[in-house]
Enquirer: 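Before I ask anything, here is the structure I am working with.
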Number of protein chains: 2
Amino acid sequence: MTTLKKVGRPKKFDRDTALMSAVNVFWLKGFDGASMTDLTEAMGVNPPSLYAEFGDKLNLYRLAIDRYASNDACSPLVAFESEPDIEKAVRAFLNEVIVYSTKHSSGAKGCFLSSSVATSAGEIEGVQELLKKAIETTDRRLAKRFDEAKTEGSLRKDFPSLERARLMFDLRQGLVFRARAGCSVKSMKTDIDQRVRMILSDQSS
Amino acid sequence: MTTLKKVGRPKKFDRDTALMSAVNVFWLKGFDGASMTDLTEAMGVNPPSLYAEFGDKLNLYRLAIDRYASNDACSPLVAFESEPDIEKAVRAFLNEVIVYSTKHSSGAKGCFLSSSVATSAGEIEGVQELLKKAIETTDRRLAKRFDEAKTEGSLRKDFPSLERARLMFDLRQGLVFRARAGCSVKSMKTDIDQRVRMILSDQSS
DNA sequence: ACAAATTTGTAGTAATCATTATATAAATGT
DNA sequence: ACATTTATATAATGATTACTACAAATTTGT
């Protein structure tokens, strides 16, 4: 039984959907640019309910970051992990980064963490730590896929998984920054083939 | 004659130094996070004088972005351009990006454009265009140095200057993002040698 | 010395901000 | 049926926001 009857008037909103709406508002406008009015309207939650459920604005922001950062379904990562062929997987990752950062349904460009949260890392307590953790987690998640390709035999034994994971992730920042700046999909896609080769290249030479 | 006597009470501030102080405040706090009180205090300019000199907050922001983006003395670029040996030049660029984004005198981490301005590109009119222009200008400025190395003979004739310029710039975004998230200098420096080789590598194989 | 011009410093404006007090509505338990 | 519990809706709170009116201060020109 997941739905156990509770006393009192039932909530009008779903916690997780409301939180994702908050992510979209913060993504589009940033922490300081997003007003509580923006948030309550987008989330469909009245101020008193919002404060009861999520605490104050800062706490809601931290929860939004955490929700976004711990999203296993992040499409570029999923694309990278679900494609069996490692070369196609790397290509799918880069492709999906471009699609994701230019065509998100909320209208926000780039990536919530690197295009919006980064700004508040200088001032808002706790944000920098959340960001750092998200980066390290993603580095490891990317490296894991490379490690699997190594044990499976499609990548050579001395392939530097973590180093190339960081490379992929850093290239990603470039793409999302360009997306936020309004660069065209076409202009960003021109370098993909070359970058796939680089990421998988043997640099012992 | 640069200093011509003007009637009226003289200004107490230097326009350009005040503008650079504004850059630092916006860099640290973002557009919405920076209050006019923050700005007037840091710039040493009273509100009426500020409005007379720079217009409203939005116009000051645009001027600050323009001042920062058109700074020929950007230390990573200068390092890249002034080192004669192309391999050392690439290494100097990456090194300087790390130093710049972690040790800036204002206390702000990362890069003003990618760590702060990017947030406002979603909402504030004109910012996205300024960003895009800055990216394209930097891409070309980096490519120019590669072209010079080609004509001078230290890089092969078919070296793809603009493609590698974009690569360098995108890798830079990764570094400044990590810096903003509080990653250590040491952790970021580990990949430099490998990345230098990649940027200069021959990918015809 | 005095008028004209321009900036400074202070104190204010109206609007918006995050947050909360109050009252009403909708569920369950007995 | 009625008390208890929880969430809702509205409106108000004090603080802060961007911005400006006003008077004093400091320069040049005559």
Side-chain angles (χ1 to χ4, degrees), chain A residues 1-19 21-23 25-26 28-65 116 119-120 123-127, chain B residues 1-19 21-23 25-26 28-65 116 119-120 123-127:
Chain A
M1 227 25 125
T2 59
T3 60
L4 73 161
K5 301 242 175 182
K6 278 204 298 184
V7 71
R9 183 170 173 173
K11 287 176 186 172
K12 224 183 171 185
F13 62 93
D14 172 65
R15 183 186 160 93
D16 196 62
T17 8
L19 200 50
S21 301
V23 167
V25 175
F26 282 130
L28 209 60
K29 307 197 169 191
F31 176 75
D32 293 298
S35 70
M36 291 305 290
T37 309
D38 293 332
L39 290 162
T40 53
E41 278 176 8
M43 297 166 75
V45 181
N46 290 325
S49 305
L50 193 153
Y51 279 82
E53 182 78 25
F54 302 106
D56 61 6
K57 187 186 179 186
L58 177 54
N59 203 60
L60 171 63
Y61 188 58
R62 292 208 195 95
L63 289 170
I65 295 174
S116 283
T119 300
S120 51
E123 282 275 305
I124 302 174
E125 192 169 296
V127 171
Chain B
M1 226 25 124
T2 60
T3 59
L4 73 160
K5 300 242 175 182
K6 277 204 300 185
V7 71
R9 183 169 173 172
K11 288 178 188 175
K12 227 185 170 184
F13 61 92
D14 172 66
R15 182 186 161 92
D16 195 60
T17 6
L19 199 51
S21 302
V23 167
V25 174
F26 283 130
L28 209 59
K29 307 197 168 190
F31 176 76
D32 293 297
S35 69
M36 290 307 290
T37 310
D38 292 332
L39 290 162
T40 52
E41 279 177 6
M43 297 166 74
V45 181
N46 289 328
S49 305
L50 194 153
Y51 280 84
E53 182 79 25
F54 302 105
D56 61 6
K57 188 186 177 185
L58 178 54
N59 202 62
L60 171 62
Y61 188 57
R62 291 207 196 95
L63 289 171
I65 294 174
S116 282
T119 299
S120 51
E123 282 275 304
I124 302 174
E125 192 168 296
V127 170

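Numbers restart at 1 for each chain; the letters A, B, ... are given by sequence-line order, proteins then strands.
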Enquirer: Rounded to whole Å, please give me the gap between CG in B:Leu39 and P in D:dA18.
Expert: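 About 8 Å, once rounded to whole Å.
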
Enquirer: Begin from the C-alpha positions of B:Thr40 and B:Asn46 and carry the test side chain to side chain contact (heavy atoms under 4.5 Å, CB included) through to its verdict.
Expert: CA-CA 6 Å; B:Thr40 52; B:Asn46 289 328; over 6 Å; no

Enquirer: I want to check one thing: is the phosphate of C:dA18, taken as OP1 and OP2, less than 4.0 Å away from some side-chain N or O of A:Lys57?
Expert: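 Indeed, a polar side-chain atom of A:Lys57 lies that close.
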
Enquirer: Rounded to whole angstroms, how far apart are CE on B:Met43 and P on D:dA18?
Expert: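 Going from CE in B:Met43 over to P in D:dA18 covers 13 Å.
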
Enquirer: Among C:dT10, C:dT19, D:dT27, find the nucleotide with the atom closest to the side chain of B:Val7.
Expert: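 Closest of the options to the side chain of B:Val7: D:dT27.
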
Enquirer: Among D:dA7, C:dT10, D:dC19, which is the nearest nucleotide to the side chain of B:Tyr51?
Expert: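 The closest nucleotide is D:dC19.
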
Enquirer: Report the distance from atom CZ of B:Phe13 to atom C1' of C:dT7, rounded to the nearest whole Å.
Expert: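 Distance, rounded to whole Å: 9 Å.
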
Enquirer: Rounded to the nearest Å, what distance is computed from the NZ atom of residue B:Lys6 to the P atom of nucleotide D:dG29?
Expert: 12 Å

Enquirer: Of the nucleotides D:dT20, D:dT6, C:dG9, which one has an atom closest to the side chain of B:Pro47?
Expert: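 The listed nucleotide nearest to B:Pro47's side chain is D:dT20.
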
Enquirer: If you check the A:Thr37 side chain, which of D:dA7, C:dC17, D:dA24 turns out closest?
Expert: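 The answer is C:dC17, which lies nearest to the side chain.
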
Enquirer: So, B:Arg62 side chain and B:Lys57 main chain: donor-acceptor pair closer than 3.5 Å or not?
Expert: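 Such a contact is absent between B:Arg62 side chain and B:Lys57 backbone.
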
Enquirer: What is the distance from CG of A:Asn59 to C1' of C:dT19, rounded to the nearest Å?
Expert: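 Those two atoms, CG and C1', are 14 Å apart.
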
Enquirer: From D:dA7, C:dT8, C:dA18, pick the nucleotide closest to the side chain of B:Pro48?
Expert: C:dT8

Enquirer: Using only side-chain N and O atoms of B:Asn46, determine if any of them is under 4.0 Å from OP1 or OP2 of C:dG9.
Expert: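 True: B:Asn46 side-chain N/O within range (under 4.0 Å) of C:dG9 OP1/OP2.
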
Enquirer: Let me know the distance between CE of A:Met36 and C1' of C:dA18, rounded to the nearest Å.
Expert: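 Those two atoms, CE and C1', are 7 Å apart.
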
Enquirer: Select from B:Asp38 and A:Val45 the residue whose nearest nucleotide in DNA chain D is closer to the 5' end of that strand.
Expert: A:Val45

Enquirer: CZ/B:Phe26 to CG/B:Asp38 distance, rounded to the nearest 0.5 angstrom?
Expert: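 So the gap between those two atoms works out to 9.5 Å.
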
Enquirer: Closer than 4.0 Å, any side-chain N/O of A:Ser49 to the OP1 or OP2 of D:dT8?
Expert: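 Checking A:Ser49 against D:dT8: at least one side-chain N or O falls below 4.0 Å of OP1 or OP2.
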
Enquirer: Under the side chain to side chain contact (heavy atoms under 4.5 Å, CB included) rule, what do B:Tyr61 and B:Ser120 come out as? Steps first, then yes or no, please.
Expert: CA-CA 10 Å; B:Tyr61 188 57; B:Ser120 51; 2.7 Å; yes

Enquirer: What is the distance, to the nearest angstrom, from the CG atom on A:Asp14 to the P atom on D:dA7?
Expert: 14 Å

Enquirer: Between A:Asp56 (CG) and C:dC17 (C1'), how many Å, whole number?
Expert: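 Between C1' of C:dC17 and CG of A:Asp56: 14 Å.
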
Enquirer: Name the closest nucleotide to the B:Lys12 side chain, picking from C:dG9, D:dT8, C:dA18.
Expert: C:dG9

Enquirer: Under the criterion side chain to side chain contact (heavy atoms under 4.5 Å, CB included), I'd like the reasoning laid out for B:Asn59 against B:Asp56: C-alpha separation, chi angles, the key distance, then a yes or no.
Expert: CA-CA 5 Å; B:Asn59 202 62; B:Asp56 61 6; 3.4 Å; yes

